[in-house]
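Just so it is clear, the model here is predicted, and its values are computed rather than measured. Each chain gets a letter, A, B and so on, in the order its sequence line appears, and its residues count up from 1.
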Amino acid sequence: MAARKKIPLAFADAFSALETTLPGRSVPWLSRLRAESWDRYAALGLPTVRDESWKFTNLNSLRRAGIVPTPEGVPALDTVPLGAALSIDAHLAVLVNGVFRADLSSLPDAEAGLSVKGFAAVAEDDPDALEGSLGKIADRDALPMAALNTALAADGLVIHLRRGAEIEKPLHILSIGIAGETPVMFQPRVLVTAEENSSACILESHVGVGDGVYFSNAVTELDVAPRARVRHYKLQNEHPAAFHIAAAAVSLADGAAYESFVLQVGGRIARNEIQIHIGGEHAECTMNGAYLLRGKQHADSTTFVDHAVPNSTSREFYKGVIDDTARGVFQGKILVRKDAQKTDGQQLNKALLLSRGAEIDSKPELEIYADDVICSHGATAGELDNEALFYLRSRGIDEATARGLLIEAFVGEAVEQIGHAASQDAFQKVVDGWLRDGAQTRAKDGDSA
Amino acid sequence: MLEIRNLHATVDGKEIIKGLDLTIGAGEVHAIMGPNGTGKSTLSYVLAGRDGYEVTEGEILFQGENLLDLETDERACRGIFLAFQYPVEIPGVAGTTFLKTALNAVRKSRGEDDLDAMQFLKHVREKAKTLGVSDEMLRRPLNVGFSGGEKKRNEALQMAVLEPSFAILDETDSGLDIDALKVVADGVNAMRDPARSMLIITHYQRLLNYIEPDHVHVLVNGRIAKSGGKELAERLEEHGYAEFLDAEAA
């Protein structure tokens, strides 16, 4: 077998450039964790298509983007650009290039049981508070990009839900990327601890402003204690020139419930990876999502559920609409360990291809070691139904509108899974906007043809 | 209203319509009868402008305009309506959303303002009631899980709401029991108007007992083999299509 050609390590000088600037650098355990994480990243390297889990997502353009760890001339941001974000009445925590901006945020009163703090401030002032959670859930062997984040994360959020607190008003994390002429990278780190019997709805919007290239490498760790219920909804609507790689690592205890929805519409190359470890019986995990892609976009939705104990359920339903020469990737793996009897796991990905150049790569995977389980997975890919199109048009509905109705109906099946009504409305608005943009582009193409 | 001259049409390269002539005046109701596979449904799809139904020769004039130059939706906006033999189920699109979008598209082409939600419901409800289409049925995804009868009543409702000037009813009686047939036929008859023409496509004479045509044509092998009044339909009911098939073979 030929020796694998050695690829130079991407961002090789990042750790040495940033190490001494990171918050809590004098804290021994934290410095050690960062150094070990960097070593892990350096050993694994930026993933390539030879890595099984990355075979459909090629990061060569990220490798060649000329990203430097400490760029100069990054534009300042004084107002919150809400246009591309989810529109919802919620507490707001703003990150700009990964840095928490209290001045742009409106945080909840911690008295009610939901506390939100900047990661850097906690690392400086109360580092012990991080020791039990930082890097405890995200598996750095399986997630080299999460290891990179752990090594370099300069800021982010530390979110704590007090025991029994039921928080009605959602928390909206708005991550804004902004770059000047020099491409920039940042590593937002969000830690969520939900104590026993607490419940909350956490939303994320990832957006960009300006025209510069940026790379957001985000990690969220969620520790969901017994009988706590966390809704976690994310909009990835990054700038069209942006790179977005994110991992959400979730640990579920007895009777905990985690509901996720991820909508990917933005970015040049994006990957959202969810890793769920079910370590408690009767835990329920729901992972739904949609990806709407056009132009040359690439979006990867990768999920992994580890059923480690008996009597847990997981449900996963993703839908994608892919136009032009865009490419969608769906990888979903369900692992049922030997002891995880009575596991009920279901997974489905359905993609709608709107043009000949559009591509979907679906890789559903079941790995089952228990014998008394119900597990299923499926994947479909197809085009718009011509018969349905003809029927709509035969009633006077023009082609663009008819296509829009059918695409909206297709995506609607995913959006309507969102359990929180106000959030569902907010995501529906983003979907509607995406459809309108498409209809306008098509109308313009039609005029020039 | 509609003038078809020497129409030839192919599907998948196979000629199905082979020189068809037909003229339908304003306010007239014509029936086209014929055995299976003679091109009845092909004719309805050609009139509605379905992809894959290619006209190789001849012309179709609708109110003086060349119909073949128009897209499917443009034809519908000009007043052509096809009641489908097999109405299509469309998951995720609510019946009301569909009908409102269609009505406002047709209204726009007539230079009329959009109806808002209230005006639309007012316009639809009364017609829906007559045809036994409930609000619940309207809200459901279009035709999804509807029985054969419900689908055909829904087609009749769309026709009543869109008020076309030329309606094609393709095998409307198929899949209908006698009660449902009466409801649909009553709905169609209520729309007969000096300014509205209809083309009824049917294999059996039964439907014509409920919707009486002014003219009956027998379609055999892609051509009109015989035209007459409604007595022609009765003759077919008694003797079948054999005499026309024999004549064609000879």
Among [options], which residue has the highest count of heavy-atom pairs closer than 4.5 Å to chain A?
{"options": "B/Val93, B/Thr101, B/Leu162", "value": "B/Thr101"}
{"options": "B/Ala105, B/Gly92, B/Ala102", "value": "B/Ala102"}
{"options": "B/Val106, B/Ile90, B/Leu103", "value": "B/Ile90"}

Is the number of heavy atoms from other residues, nucleotides or ligands within 6.0 Å of [atom1] ([X]) greater than 12?
{"X": "A/Glu383", "atom1": "CD", "result": "no"}
{"X": "B/Asp69", "atom1": "CG", "result": "yes"}
{"X": "B/Arg110", "atom1": "CZ", "result": "yes"}

If we only count heavy atoms from C-beta on, is the [X] to [Y] side-chain gap below 4.5 Å?
{"X": "A/Arg393", "Y": "B/Arg75", "value": "no"}
{"X": "A/Ile397", "Y": "B/Asp73", "value": "no"}
{"X": "B/Phe98", "Y": "A/Leu392", "value": "yes"}
{"X": "A/Ser394", "Y": "B/Phe81", "value": "no"}
{"X": "A/Glu399", "Y": "B/Glu71", "value": "no"}
{"X": "B/Asp51", "Y": "A/Phe390", "value": "no"}

- Task: Check each atom of A/Thr401 against the heavy atoms of chain B and say whether the ones under 4.5 Å are side chain, backbone, both or neither.
- Result: side chain
- Query: What part of A/Glu387 lies closer than 4.5 angstrom to a heavy atom of chain B: side chain, backbone, both or neither?
  - Reply: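 Both backbone and side chain.
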Examine whether an atom of [X] lies under 4.5 Å from a heavy atom of chain A, and if so say whether it belongs to the side chain, the backbone or both; otherwise answer neither.
{"X": "B/Pro164", "answer": "neither"}
{"X": "B/Thr97", "answer": "side chain"}
{"X": "B/Leu142", "answer": "side chain"}

- What about the rings of B/Tyr86 and A/Tyr391, do their centers lie closer together than 6.0 Å?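 No, the ring of B/Tyr86 stays outside the 6.0 Å limit from the ring of A/Tyr391, centre to centre.
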- Residue pair A/Gly396 / B/Cys77: nearest heavy atoms and the distance that separates them: O-SG, 3.6 Å
- Message: Strictly distance-based, threshold 3.5 Å: is any side-chain N or O of A/Arg395 a donor or acceptor partner for the main-chain N or O of B/Leu82?
- Response: yes
